[in-house]
Engineer: 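Before anything else, here's the structure in question.
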Amino acid sequence: MSSEFERTLRRLKPDKQRRRLNPRPESELAFLGDPSERPRSLLYDTTVYVDILHGRFPAAQEKMLLATDAWHSIVAENELASICALLDPAHANTRNVIKQVTAIIGRMPSHRMIVPDREIWRDAGILTGTIARLQGTPKSDRRRILNDALIFATARKHGHAVLTRNLVDFDLLHQLDPSGRVIFYKI
């Protein structure tokens with residue numbers, strides 16, 4: 001075992017996690033706009049882009065987005081790119097959605113794009129495996145958890161808070177690794 005891997009195992013302690021995790025009440029979570037939560041920088045989860053595309057992102061919170069440094073993950077870009085291939089090419093609105101997704105991806109500045117490195121992949125793998133074991137997550141859902149864990153571990157390593165609407169997955173990740181920060185929002 002590499003010493004880096006051993007350090008990661010000691011930090012995340014998957015062997016100490018023995019009980020199913022319960023989502024915490026919303027009153028215990030940090031939300032965008034809370035006076036006590038003023039992040040300097042945010043790494044956007046895919047939910048942010050999807051909600052902006054659908055016009056669902058809370059207008060009252062848009063000022064907060066402009067007041068923080070926005071960072072982007074290649075993982076979220078990948079999830080958005082897969083939407084373009086998943087859409088039915090025969091559907092009348094597919095071209096419009098692809099055009100909107102292309103525009104969002106095009107607005108992500110390359111100097112603000114973070115690609116997970118080996119350490120982040122390692123952290124995400126341990127977090128994903130721990131959640132899968134504790135929660136009894138079926139194999140078919142583990143890739144979704146892995147993508148969320150990659151975004152979470154990326155934000156933690158680079159000192160950003162994750163901005164997401166995904167209360168359940170990111171709350172569980174934060175419970176396993178409280179050294180990361182997550183800011184939630186509701187639509």
Side-chain angles (χ1 to χ4, degrees), residues 4-52 54 56-58 60-61 64-65 68 71-76 78-80 82-83 114 116 119-187:
E4 287 180 27
F5 185 65
E6 289 171 331
R7 276 194 297 272
T8 302
L9 285 172
R10 279 193 304 274
R11 184 175 65 77
L12 293 175
K13 299 175 180 64
D15 56 317
K16 303 288 185 201
Q17 302 293 333
R18 306 272 173 114
R19 294 189 180 144
R20 183 176 179 84
L21 298 170
N22 292 313
R24 294 177 288 186
E26 288 185 10
S27 61
E28 294 180 23
L29 304 177
F31 280 87
L32 192 62
D34 289 350
S36 62
E37 293 299 329
R38 298 227 184 261
R40 288 188 353 231
S41 59
L42 295 168
L43 180 67
Y44 295 171
D45 178 36
T46 310
T47 59
V48 175
Y49 307 107
V50 169
D51 289 338
I52 289 171
H54 285 103
R56 295 186 305 220
F57 192 84
Q61 304 303 329
M64 178 67 103
L65 292 185
T68 60
W71 289 84
H72 311 278
S73 170
I74 197 72
V75 176
N78 173 268
E79 289 182 318
L80 290 170
S82 71
I83 290 170
I114 306 174
E119 175 188 349
I120 291 168
W121 274 97
R122 189 172 40 240
D123 285 7
I126 292 169
L127 291 167
T128 301
T130 305
I131 288 174
R133 175 175 48 84
L134 296 175
Q135 307 305 105
T137 306
K139 235 181 186 179
S140 59
D141 290 339
R142 291 179 193 167
R143 181 163 179 101
R144 184 194 82 243
I145 303 291
L146 176 61
N147 284 346
D148 291 341
L150 284 165
I151 291 171
F152 178 84
T154 299
R156 187 198 67 75
K157 179 176 181 177
H158 293 277
H160 308 303
V162 175
L163 178 63
T164 185
R165 172 176 42 85
N166 182 343
L167 289 144
V168 175
D169 293 343
F170 282 92
D171 177 36
L172 298 180
L173 289 163
H174 189 243
Q175 286 182 55
L176 292 175
D177 185 1
S179 67
R181 286 189 64 209
V182 182
I183 308 289
F184 297 98
Y185 69 93
K186 291 191 240 180
I187 56 173

Engineer: Within the 4.5 Å heavy-atom criterion, are S73 and L150 side-chain neighbours or not?
Structural biologist: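 The answer is no; the side chains never approach within 4.5 Å.
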
Engineer: If you look at every heavy atom in T130 and I126, which pair is closest and at what distance?
Structural biologist: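 Closest pair (atom of T130, atom of I126, distance): OG1-O, 2.7 Å.
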
Engineer: By side-chain contact (heavy atoms from CB on, under 4.5 Å), which residues pair with S41, not counting sequence neighbours?
Structural biologist: D69, W71, H160

Engineer: According to the side-chain hydrogen bond (donor to acceptor under 3.5 Å, both in side chains) rule, which pairs have a member within residues 133-144, sequence neighbours left out?
Structural biologist: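 Found R144-D169.
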
Engineer: If you look at every heavy atom in N22 and Q175, which pair is closest and at what distance?
Structural biologist: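 What the structure gives for the nearest pair is O-NE2, 3.0 Å.
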
Engineer: Sort and list the pairs that fulfil salt bridge (charged side-chain N to carboxylate O under 4.0 Å, His left out) and have at least one residue in residues 38-49, not counting sequence neighbours.
Structural biologist: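 Every candidate salt bridge (charged side-chain N to carboxylate O under 4.0 Å, His left out) pair involving residues 38-49 fails, so no pair, neighbours aside, qualifies.
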
Engineer: Quick check: closest heavy atoms across L172 and P23, and the distance to 0.1 Å?
Structural biologist: CD2-N, 4.5 Å

Engineer: To the nearest 0.5 Å, tell me how far F31 CZ sits from I183 CD1.
Structural biologist: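 Spacing of CZ (F31) from CD1 (I183) equals 10.0 Å.
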
Engineer: Does the side chain of T47 reach to within under 4.5 Å of the side chain of L163, using non-hydrogen atoms?
Structural biologist: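 Of all side-chain heavy-atom pairs linking L163 with T47, none is under 4.5 Å.
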
Engineer: With sequence neighbours excluded, tell me which residues meet salt bridge (charged side-chain N to carboxylate O under 4.0 Å, His left out) with E26.
Structural biologist: K186

Engineer: What I'd like to find out is whether the side chain of Q17 reaches to under 4.5 Å of the side chain of L176, using heavy atoms alone.
Structural biologist: yes

Engineer: Backbone N or O of R24 within a donor-acceptor pair of the D171 side chain at under 3.5 Å?
Structural biologist: yes

Engineer: Once side-chain hydrogen bond (donor to acceptor under 3.5 Å, both in side chains) is applied, do any residues pair with Q61, and if so which ones, sequence neighbours excluded?
Structural biologist: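 Q61 satisfies side-chain hydrogen bond (donor to acceptor under 3.5 Å, both in side chains) with no other residue.
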
Engineer: Kindly indicate whether the side chain of L173, heavy atoms from C-beta on, has any atom under 4.5 Å from the side chain of D148.
Structural biologist: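 Sidechains of D148 and L173: in contact.
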
Engineer: K13 side chain to R10 main-chain N or O, any donor-acceptor pair under 3.5 Å?
Structural biologist: yes

Engineer: Going by atom types only, do R181 and H174 share a side-chain donor-acceptor pair under 3.5 Å?
Structural biologist: no

Engineer: Just to verify, what does F57 make a ring-ring contact (aromatic ring centres under 6.0 Å, His included) with, not counting sequence neighbours?
Structural biologist: Y185

Engineer: Applying side-chain contact (heavy atoms from CB on, under 4.5 Å), can you list everything that pairs with T46, at least two apart in sequence or on another chain?
Structural biologist: V50, A76, E79, L80, I151

Engineer: How are the rings of H72 and Y44 set to each other: parallel, tilted or perpendicular (split at 30° and 60°)?
Structural biologist: perpendicular

Engineer: Work out which heavy atom in A30 is nearest to a heavy atom in V182; give both atom names and the distance.
Structural biologist: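 Answer, listing the atom of A30 first, then V182: CB-O, 3.7 Å.
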
Engineer: Search all heavy atoms of N166 against all heavy atoms of T164 and return the closest pair with its distance.
Structural biologist: N-OG1, 2.9 Å

Engineer: Take I74 and N78 through the test side chain to side chain contact (heavy atoms under 4.5 Å, CB included) and record every step on the way to the result.
Structural biologist: CA-CA 6 Å; I74 197 72; N78 173 268; 5.7 Å; no

Engineer: Mind checking side-chain contact (heavy atoms from CB on, under 4.5 Å) for P178 and listing every partner two or more places apart, or none if nothing turns up?
Structural biologist: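 If we apply the side-chain contact (heavy atoms from CB on, under 4.5 Å) test to P178, skipping adjacent residues, there are no hits.
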
Engineer: Under 3.5 Å, is there a donor-acceptor pair between the side chain of T128 and the main chain of G125?
Structural biologist: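 Not confirmed, T128 side chain does not pair with G125 backbone.
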
Engineer: Which value, rounded to the nearest 0.5 Å, describes the distance between I145 atom CD1 and F170 atom CZ?
Structural biologist: 9.0 Å

Engineer: Residues in side-chain hydrogen bond (donor to acceptor under 3.5 Å, both in side chains) with D123, at least two apart?
Structural biologist: R11, R156

Engineer: Go through the steps to decide whether L43 and T154 satisfy the test side chain to side chain contact (heavy atoms under 4.5 Å, CB included), and finish with yes or no.
Structural biologist: CA-CA 8 Å; L43 180 67; T154 299; 3.9 Å; yes

Engineer: Side chains of E4 and E119: does their closest heavy-atom pair fall under 4.5 Å?
Structural biologist: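 With C-beta onward as the side chain, the pair stays apart.
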
Engineer: What is the minimum heavy-atom distance between A149 and L127, and which atoms define it?
Structural biologist: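 Heavy-atom minimum between the residues: CB-CB, 4.3 Å.
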
